[in-house]
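The figures that follow rest on heavy atoms only: side chains count, while hydrogens, waters and symmetry mates do not. Letters A, B, ... mirror the listed sequences (proteins, then strands); counts begin at 1.
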There are 2 protein chains.
Amino acid sequence: MAAKYLSIAQEIKQRILSQRYPATEPLPDQLALAAEFNTSRMTIQQAMRQLIVEGIIYARQGQGTFVRKNFRQLSQWDVAGSDYFGATETWRHLGEVTSQVIAFEVRFPDEKEQTSLLISADAPVYDFIRLRLVNGEPISLDMTVMPVALVPGFNKSHLESSVFRYVRETLGLKMMGSYRVVRACKPNARDREYLNCDETDPVLELEQVIYLEDGTPLEYAHCHYRYDHGGFVMVNNG
Amino acid sequence: MAAKYLSIAQEIKQRILSQRYPATEPLPDQLALAAEFNTSRMTIQQAMRQLIVEGIIYARQGQGTFVRKNFRQLSQWDVAGSDYFGATETWRHLGEVTSQVIAFEVRFPDEKEQTSLLISADAPVYDFIRLRLVNGEPISLDMTVMPVALVPGFNKSHLESSVFRYVRETLGLKMMGSYRVVRACKPNARDREYLNCDETDPVLELEQVIYLEDGTPLEYAHCHYRYDHGGFVMVNNG
DNA sequence: GAGTGGTCTAGACCACCAC
DNA sequence: TGGTGGTCTAGACCACTCT
């Protein structure tokens, strides 16, 4: 069974979405909610905290708790979320997503890769490049490096389906975080070839490290996106 | 006085940074910490939760609480933080930051601005453009639109110091969130003139809405950054 | 002063993991 | 089975805002 505070949060969220709690007035106070849900005020507060971090409500000492007038539906490439670029998911609504393996090799890591993945120079890594297309149009070119030791039994066929599903479901590893830098850069030869870029077309580059729940880096990747297919969305709630 | 759980979180963070709690073994358990800090376990948990959202530690039921092997020092343009681009703060360590007002006008908003700021077509807006330089080198060009009604007494002199300080300290408004999209684009005429861009130099564009604590949009801005001065850092902890 | 959310206590039971 | 973190209780006092 889910925790009580989570089901209360869920219920309150529903009431907000269904306008039963209108955005024009404060929510019932914590004592009233505690009575209604037959629980303690601490538990109500835990539910509230949940909704606060989700950006749905905010609370003011001495005033009350309010619905955000303007909490947005996330769209496009939701960075705040937690899908770790099973990019398929992200773009599915745009059309048919396909993937093409451009390269798949094993080699030793360079210095930058060693420090990013926290491995030594003689720990082999997989190095693969994938092109993603939506309705046949190239969208992104992903260059990924992954320590061999972390993914036993890994092979090229996993690239064609989902690397993350393999890691999660077969190996039982949980992805718990990412570190990303996004920048603009000029297209290199590979971008021009596979993303069909012109010399003057900028490229949106995402450099990322994805790590497991204990902080072990799982992959280090550079993803290049065509500049005309959107951007990254970042939401920040005080 | 700060809340007890915050000072405990601060103290534990110090112990982690000073290696007194090494990353190789779990932290003392919550009962032991409660005894040491002469408080209840709930309060210790609140301190822990604080450090968890900061990405410094993680907890596993049945195992213990651990220091993240790999929590990074944020750098450059820290998006996870909350400084809302008093860009001065962000770049101060790079050198002397100066600002130059390129334009300052009042006009009516276009359609996109109306929907972004949730105002009507006849609600006037300030429209200003600022160039930011570090050690005399142009870094970013910011084009901002702000509803006149929200910032009484606003004038050009505020642009030369800090708009946010004026809004916060003089008007007493609190900024509580932002919605941002970052993308790559080709330089326009203004970028080439002020950022000293070549035709083929990409530009990193940040489109953002910053809103007040009740969800009222305060400003809608487009910030253009030279591509060779870094990128945006995004950290995500599961 | 009344009413709100923020914090804190001193316990309790449960879920999960390692041994 | 023992030890860990996760949740929960039924109160309490404090800080803040509004009237």
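For the pair B/Asp29 CG and C/dC17 C1', the computed distance is 15 Å after rounding to whole Å. Between the P atom of D/dG3 and the CG atom of B/Leu27 lies a distance of 19 Å, rounded to the nearest Å. For the pair B/Asn38 CG and C/dT9 P, the interatomic distance rounds to 8 Å; values are reported in whole Å. Atom CZ in A/Arg49 sits about 11 Å away from atom C1' in D/dT7, given to the nearest Å. Taking atom CZ of residue B/Phe37 and atom C1' of nucleotide C/dT9, one finds them 17 Å apart after rounding to whole Å. Atom CG in B/Leu33 sits about 8 Å away from atom P in D/dG5, given to the nearest Å. The interatomic distance linking A/Ile12 (CD1) with C/dG5 (C1') rounds to 14 Å, in whole Å. Between B/Leu31 atom CG and C/dT9 atom P the separation is 13 Å, expressed in whole Å.
Listed pair A/Thr43 / D/dT7 fails the phosphate criterion, with no side-chain N or O lying under 4.0 Å from OP1 or OP2. The side chain of B/Lys4 places no N or O atom within less than 4.0 Å of a non-bridging phosphate oxygen (OP1 or OP2) of C/dG6. Neither OP1 nor OP2 of D/dC8 sits under 4.0 Å from any side-chain N or O of A/Thr39. Side-chain nitrogen and oxygen atoms of A/Gln30 include at least one within less than 4.0 Å of the OP1 or OP2 phosphate oxygen of C/dG6. Side-chain N/O atoms of A/Ser40 include none lying less than 4.0 angstrom from OP1 or OP2 on D/dA10.
When each of C/dG5, D/dG5, C/dT9 is scored by its nearest atom to the side-chain atoms of A/Met42, the top-ranked nucleotide is C/dT9. In this structure, the nucleotide among C/dT9, D/dT7, C/dG6 sitting nearest to the side chain of A/Gln45 is C/dG6.
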Practice prompt. Could you check B/Glu219 against B/Arg180 for salt bridge (Lys or Arg N to Asp or Glu O under 4.0 Å), going step by step and ending with a plain yes or no?
Written response: CA-CA 12 Å; B/Glu219 72 157 51; B/Arg180 293 169 170 157; over 6 Å; no
Item to complete: Take A/Thr144 and A/Asp142, measure what side-chain hydrogen bond (donor to acceptor under 3.5 Å, both in side chains) needs, and give me the verdict at the end.
Response: CA-CA 6 Å; A/Thr144 309; A/Asp142 301 357; 5.7 Å; no
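For A/Glu205, the side-chain hydrogen bond (donor to acceptor under 3.5 Å, both in side chains) test picks out A/Arg183, A/His224, with sequence neighbours left out.
Contact annotation: the side chain of B/Leu204 approaches that of A/Leu204 to within less than 4.5 Å [non-hydrogen atoms, C-beta and beyond]. A/Ile16 is listed as a side-chain neighbour of A/Ile12, based on a closest heavy-atom distance under 4.5 Å. You'll find the side chain of B/Ile119 reaches within 4.5 Å of the side chain of B/Val125, heavy atoms only. When side chains are defined from C-beta on, B/His158 does not count as touching B/Val151, because their heavy atoms never get closer than 4.5 Å.
For the 3.5 Å distance criterion, the side chains of A/Gln50 and A/Gln46 fail to qualify, holding no donor opposite an acceptor.
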Below 3.5 Å between N/O atoms, which protein atoms pair up with nucleotides 12-19 of chain D? Just atom names and distances, please.
residue, atom, partner, partner atom, Å
D/dA12, N6, A/Arg41, NH1, 3.2

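Between A/His222 and A/Tyr220, the angle of the ring planes goes over 60°, which puts this pair in the perpendicular group of the 30/60° scheme. By the 30° and 60° cut-offs, the orientation of the rings of A/Tyr126 relative to A/Phe104 is parallel.
With a 3.5 Å limit on both pairing distances and Watson-Crick or G-U wobble geometry required, the stems of 3 or more pairs in DNA chain C span C:1-18 with D:1-18.
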